[in-house]
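Each chain gets a letter, A, B and so on, in the order its sequence line appears, and its residues count up from 1.
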There are 2 protein chains.
Amino acid sequence: MTKELSSAAKLRDALEEEIVTGQILPGARLDEVSLAERFGVSRTPVREALHQLASAGLVEIQPRRGATVTELHADTLVEMFDVMAELEAMAVGLAARRHTEADKKAIVSAHAECKRAAKSGDVDRYYYANEAFHDALYAASHHAFLITQCRQLHRRLKAYRRLQLRVRHRVSASLAEHQSIIDAILAFDQAQAAACARRHIVVQGERFGDLIASLKSLAAAE
Amino acid sequence: MTKELSSAAKLRDALEEEIVTGQILPGARLDEVSLAERFGVSRTPVREALHQLASAGLVEIQPRRGATVTELHADTLVEMFDVMAELEAMAVGLAARRHTEADKKAIVSAHAECKRAAKSGDVDRYYYANEAFHDALYAASHHAFLITQCRQLHRRLKAYRRLQLRVRHRVSASLAEHQSIIDAILAFDQAQAAACARRHIVVQGERFGDLIASLKSLAAAE
DNA sequence: GTCAATAATATTGTATACAAGAAGCCATGG
DNA sequence: CCATGGCTTCTTGTATACAATATTATTGAC
């Protein structure tokens with residue numbers, strides 16, 4: 001059932017996963033023949049996969065000079081968090097107005113899993129639970145196009161979001177923010193829900209900025 | 001200087017233009033060999049172009065079944081206008097805070113051209129002037145990532161935006177909305193600017209919905 | 001010893017050839 | 001007369017070959 005994908009599509013997904021999770025580092029060169037050999041295919045599907053990733057912004061292709069994994073500067077990333085905040089605020093605001101009983105259940109249970117994950121102290125588990133929670137929020141907006149936009153950007157920020165979760169006390173703060181979002185949604189308070197969601201993401205951007213700053217000062221001290 | 005593009009890239013741009021302007025109709029089949037013949041190249045660059053357009057959402061590719069121009073249902077389009085409204089509100093709000101003297105000049109002069117175009121009664125001329133105006137607004141936000149997102153979505157809505165301009169009195173209304181946006185920006189009033197921009201786009205979505213509805217009732221009456 | 005120019009190499013961009021799957025068509029059976 | 005099965009044909013997906021450009025190394029001159 002899931003084996004109907006073309007090798008180009010499989011390649012694209014595999015590469016995307018490796019880039020998004022940081023297995024392939026930003027700035028790394030993506031050589032067509034090496035990739036072709038690694039995946040046991042010819043250069044043709046490799047090229048297709050690379051071009052598709054380029055359209056998604058994950059890799060950059062310079063004519064006649066090959067592809068590299070996109071390097072996101074700290075300020076670009078912060079900007080991406082800005083836009084993510086706005087989109088998510090919109091989604092959550094809509095969710096406050098439009099959510100069904102099923103949506104409510106999904107959100108609450110995703111949040112419960114987040115709590116369990118937080119208590120367990122397993123950051124990765126929290127990461128996945130968090131992802132499911134946000135997905136439930138998007139779904140409750142019942143706004144198909146917005147959902148795709150949110151998912152796309154969310155995915156691009158995946159690796160960095162994960163990083164930012166390692167900041168001290170971030171997980172418990174995140175959890176509290178989730179709670180306030182849920183409260184606003186269940187009260188059908190659109191404005192409040194949107195505001196909470198926006199703050200939730202903006203905070204992530206800020207923490208991420210802090211992280212970058214501290215890394216920079218560390219590097220400078222060496 | 002501009003001739004450094006690969007044939008695949010040229011093809012992609014040409015096809016994008018034809019789709020966006022409606023020369024190729026939604027739902028139309030895009031046959032690889034026909035396109036290859038038409039542009040005098042082999043299938044390889046055609047495939048690359050199609051896949052890139054697919055990532056951008058302009059065409060849909062079904063495995064082993066070829067590519068067609070994406071058909072956007074009325075409700076999807078309205079949703080896209082929703083998101084556009086939110087992004088543009090964000091950009092204009094930022095522009096109110098961040099605009100420079102140069103930005104101010106660019107915006108005002110773009111608006112002046114809009115006025116002249118409106119007075120001339122040339123809808124196409126107004127369309128292009130309008131595009132330049134919005135671009136000037138985006139630029140004034142000084143938010144690189146937001147600008148790319150706005151441009152991308154704006155481009156996808158291009159054909160439909162044009163359609164909606166034909167609605168009676170829409171051009172003069174649009175012009176008035178522009179004026180209110182400018183006023184808010186020049187007053188450095190972020191909230192007001194964002195609200196005006198949001199309304200400006202939401203109205204477009206609504207007018208577009210009206211248009212669709214009237215087309216539907218026309219079709220039903222036949 | 002360093003810089004520059006040219007040649008050698010490697011890598012991308014395009015074309016063509018081949019393989020595999022999907023759509024249409026005709027024939028045959030009910 | 002309609003439906004179903006197999007066959008033909010067309011189209012897409014992949015591989016390989018070739019062409020063009022960028023990179024690198026080597027050699028020569030200053």
Side-chain angles (χ1 to χ4, degrees), chain A residues 1-20 23-72, chain B residues 1-20 23-72:
Chain A
M1 157 198 173
T2 60
K3 277 293 161 193
E4 308 301 331
L5 288 169
S6 68
S7 57
K10 280 189 284 186
L11 222 89
R12 169 173 49 74
D13 293 344
L15 281 177
E16 181 175 336
E17 188 62 24
E18 291 190 15
I19 292 171
V20 153
Q23 288 177 261
I24 307 181
L25 294 176
R29 191 136 199 299
L30 295 170
D31 175 40
E32 293 180 4
V33 292
S34 323
L35 288 172
E37 279 172 18
R38 183 147 82 85
F39 287 92
V41 295
S42 81
R43 274 178 52 220
T44 310
V46 173
R47 284 180 64 77
E48 283 196 2
L50 288 177
H51 277 95
Q52 286 180 54
L53 292 173
S55 314
L58 287 166
V59 312
E60 277 175 353
I61 294 180
Q62 286 179 305
R64 295 265 173 210
R65 302 187 54 182
T68 53
V69 178
T70 304
E71 277 187 280
L72 294 175
Chain B
M1 161 202 170
T2 59
K3 278 292 160 193
E4 308 301 333
L5 289 170
S6 69
S7 57
K10 280 188 284 187
L11 222 87
R12 169 174 49 74
D13 293 345
L15 281 177
E16 182 175 335
E17 188 63 23
E18 291 190 14
I19 291 171
V20 154
Q23 289 177 261
I24 306 180
L25 294 177
R29 190 137 200 297
L30 295 169
D31 175 40
E32 292 180 4
V33 293
S34 321
L35 288 172
E37 279 172 16
R38 183 146 82 85
F39 287 92
V41 295
S42 82
R43 274 179 53 220
T44 311
V46 172
R47 285 180 63 79
E48 282 196 3
L50 287 178
H51 277 96
Q52 286 180 56
L53 292 173
S55 312
L58 288 166
V59 312
E60 278 175 354
I61 295 179
Q62 286 179 304
R64 294 264 175 210
R65 302 188 52 181
T68 53
V69 178
T70 304
E71 278 187 280
L72 294 175

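Between the P atom of C:dT14 and the CD1 atom of A:Ile61 lies a distance of 12 Å, rounded to the nearest Å. Taking atom CD of residue B:Gln52 and atom P of nucleotide C:dG13, one finds them 11 Å apart after rounding to whole Å. Distance, B:Phe39 CZ to C:dA15 C1': 18 Å, rounded to whole Å. Regarding B:Leu50, its CG atom lies at a distance of 9 Å from the P atom of D:dT12, rounded to whole Å. Taking atom CZ of B:Arg43 as the reference point, atom P of D:dT16 lies 16 Å away to the nearest angstrom. Taking atom CD on B:Glu48 and atom P on C:dA15, their separation rounds to 11 Å, with Å as the unit. Distance CZ (A:Arg12) to P (D:dG13): 12 Å, rounded to an integer number of Å.
Checking C:dT12, D:dA15, C:dT16 against the side-chain heavy atoms of A:Ser42 singles out D:dA15 as nearest. In the set C:dT14, D:dA22, D:dG13, the nucleotide with an atom closest to the side chain of A:Arg47 is C:dT14.
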Side chain to side chain contact (heavy atoms under 4.5 Å, CB included) evaluation trace for B:Leu25 with B:Val69: CA-CA 7 Å; B:Leu25 294 177; B:Val69 178; over 6 Å; no
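Of the two residues contacting DNA chain D, namely B:Val33 and B:Thr44, the nearest-nucleotide position lying further toward the 5' end is that of B:Val33.
Distance CD1/B:Ile19 to CD/B:Glu16: 8.0 Å, rounded to 0.5 Å. Going from atom CZ of B:Arg43 over to atom CG of B:Leu50 covers 10.5 Å, rounded to the nearest 0.5 Å.
In terms of heavy atoms, A:Thr70 sits closest to A:Pro26 at O-CB, 3.6 Å. The minimum heavy-atom distance between B:Arg29 and B:Arg65, with the atom names listed, is NH2-O, 3.2 Å.
Under 3.5 Å, the side chain of A:Arg64 and the base of D:dT21 form no donor-acceptor pair of N or O atoms.
Residue B:Ser7 places at least one side-chain N or O under 4.0 Å from the OP1 or OP2 atom of C:dT14.
Residue B:Leu15 is tested with B:Val46, B:Leu53, B:Val59 for a side-chain contact (heavy atoms from CB on, under 4.5 Å); the sole match is B:Leu53.
In this structure, B:Ser55 contributes its side chain and B:His51 its backbone to a donor-acceptor pair below 3.5 Å.
Backbone-only contact: B:Arg65 has heavy atoms under 4.0 Å from sugar-phosphate atoms and none from a base.
Taking every heavy atom of residues 24-32 of chain A and every atom of DNA chain D, no pair lies under 4.0 Å.
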